[in-house]
Enquirer: 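Sharing a structure here in structure tokens format.
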Amino acid sequence: SQKYTAIGLLGKATDTLDATGKVTEEKPYDQITKGDLEKVLQKFTGDIMQVPPLYSALKKDGERLSTLMKRGEAVEAKPARPVTVYSLSLQQFQPPLFTLDVECGGGFYVRSLVSDIGKELSTCATMQELTRTKHGPFTLEEHALYEDKWTIDEIARSLEHCTSLLPGEPSHKKLKTEHPGETAVSCE
């Protein structure tokens, strides 16, 4: 599963469902309380149906949807598909911003979730920021290496630690030296 922390913005919608897009809609949000938000989150927990964003890495006839859309080609909405949300909680609510912790299965779009939450609250919402805090066995807290630790020894130790969490010996490449004096580090 993957864990994310997402910051959503109430009252604005964009074509990409995130801060990079063009604003397509603005609606009032002052009526929304913390309690309203928490109640709505329950509807999005468990096995739910989700429509992927139009602008996404998904492909149609071998081309990225985002490329087709930028060329102005009509892209019809994709059908909803089943996705799983293991946990969803509200960390902070300072209107218009709200912060969510999400743990979800594969194929899940956090920006679609933020947008859907907005609609459910009779306003609109767009994702401002997304941080992945866990991917498979890796968590940001335990496995990120901060800049002050970027020494050869620390990196090697971190790679060793990460590698030990991955299944199967043969699948990961051995560290190999491309040219004498130049080391290629690969941690897939």
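Just so we're clear, the structure is a prediction, and the values are computed from it rather than from any experiment.
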Enquirer: Does a side-chain heavy-atom distance below 4.5 Å link Leu100 with Phe93?
Expert: no
Enquirer: Taking C-beta and beyond as the side chain, do Glu103 and Lys134 meet within less than 4.5 Å on heavy atoms?
Expert: yes
Enquirer: Name all residues meeting the side chain to side chain contact (heavy atoms under 4.5 Å, CB included) criterion together with Thr33; count only those two or more places apart in sequence or in a different chain, and write none if there are none.
Expert: Asp36
Enquirer: Name all residues meeting the side-chain hydrogen bond (donor to acceptor under 3.5 Å, both in side chains) criterion together with Ser112; count only those two or more places apart in sequence or in a different chain, and write none if there are none.
Expert: none
Enquirer: Do you know which two heavy atoms are closest between Tyr109 and Pro52, and how far apart they sit?
Expert: CE1-CB, 3.9 Å
Enquirer: Please find the pair of heavy atoms, one from Val114 and one from Gly8, that lie closest to each other, and give the distance.
Expert: CG1-CA, 4.0 Å
Enquirer: Give the minimum heavy-atom separation between Ser1 and Tyr86, together with the two atoms involved.
Expert: CB-CE1, 3.8 Å
Enquirer: To the nearest 0.5 angstrom, please state how far the CZ atom of Phe98 sits from the NZ atom of Lys34.
Expert: 13.5 Å
Enquirer: With sequence neighbours left out, write down each residue that passes side-chain hydrogen bond (donor to acceptor under 3.5 Å, both in side chains) with Glu120, or none if nothing qualifies.
Expert: Lys43
Enquirer: Quick one, Tyr4 and Thr131 - any side-chain contact, counting heavy atoms below 4.5 Å?
Expert: no
Enquirer: Do you know which two heavy atoms are closest between Gln128 and Ala19, and how far apart they sit?
Expert: OE1-CB, 3.9 Å
Enquirer: Report, as yes or no, whether the 6.0 Å neighbourhood of atom CD on Glu38 holds more than 12 heavy atoms from other residues, nucleotides or ligands.
Expert: yes
Enquirer: Mind running side chain to side chain donor-acceptor pair (under 3.5 Å) on Asp101 and Ser89 for me, showing each step along the way?
Expert: CA-CA 5 Å; Asp101 272 349; Ser89 59; 4.6 Å; no
Enquirer: Identify the two heavy atoms, one from Gln31 and one from Leu121, that lie closest to each other, and give their separation to 0.1 Å.
Expert: NE2-O, 4.4 Å
Enquirer: What's in the same ILVMFWY side-chain cluster as Leu9, cut-off under 4.5 Å, chained through other members?
Expert: Ile7, Leu97
Enquirer: From Cys104 SG over to Gln2 CD, what is the distance, rounded to the nearest 0.5 angstrom?
Expert: 5.5 Å
Enquirer: Identify the residue among Val83, Leu88, Val85, Leu41 that makes a side chain to side chain contact (heavy atoms under 4.5 Å, CB included) with Leu113.
Expert: Leu88
Enquirer: To the nearest 0.5 Å, what is the distance between CD (Gln92) and OG1 (Thr99)?
Expert: 4.5 Å
Enquirer: Which residues satisfy the side chain to side chain contact (heavy atoms under 4.5 Å, CB included) test with Thr14, sequence neighbours excluded?
Expert: Thr16, Val23, Thr126
Enquirer: Which heavy atom of Gly107 sits nearest a heavy atom of Gln50, and at what distance?
Expert: O-OE1, 4.1 Å
Enquirer: Leu17, Ile48: one ILVMFWY side-chain cluster at the under-4.5 Å cut-off?
Expert: no
Enquirer: Can you list everything that forms a side-chain hydrogen bond (donor to acceptor under 3.5 Å, both in side chains) with Asp30? Sequence neighbours excluded, please.
Expert: none
Enquirer: Is Thr84 reaching over with its side chain to a backbone N or O of Gly105, donor-acceptor style, under 3.5 angstrom?
Expert: no
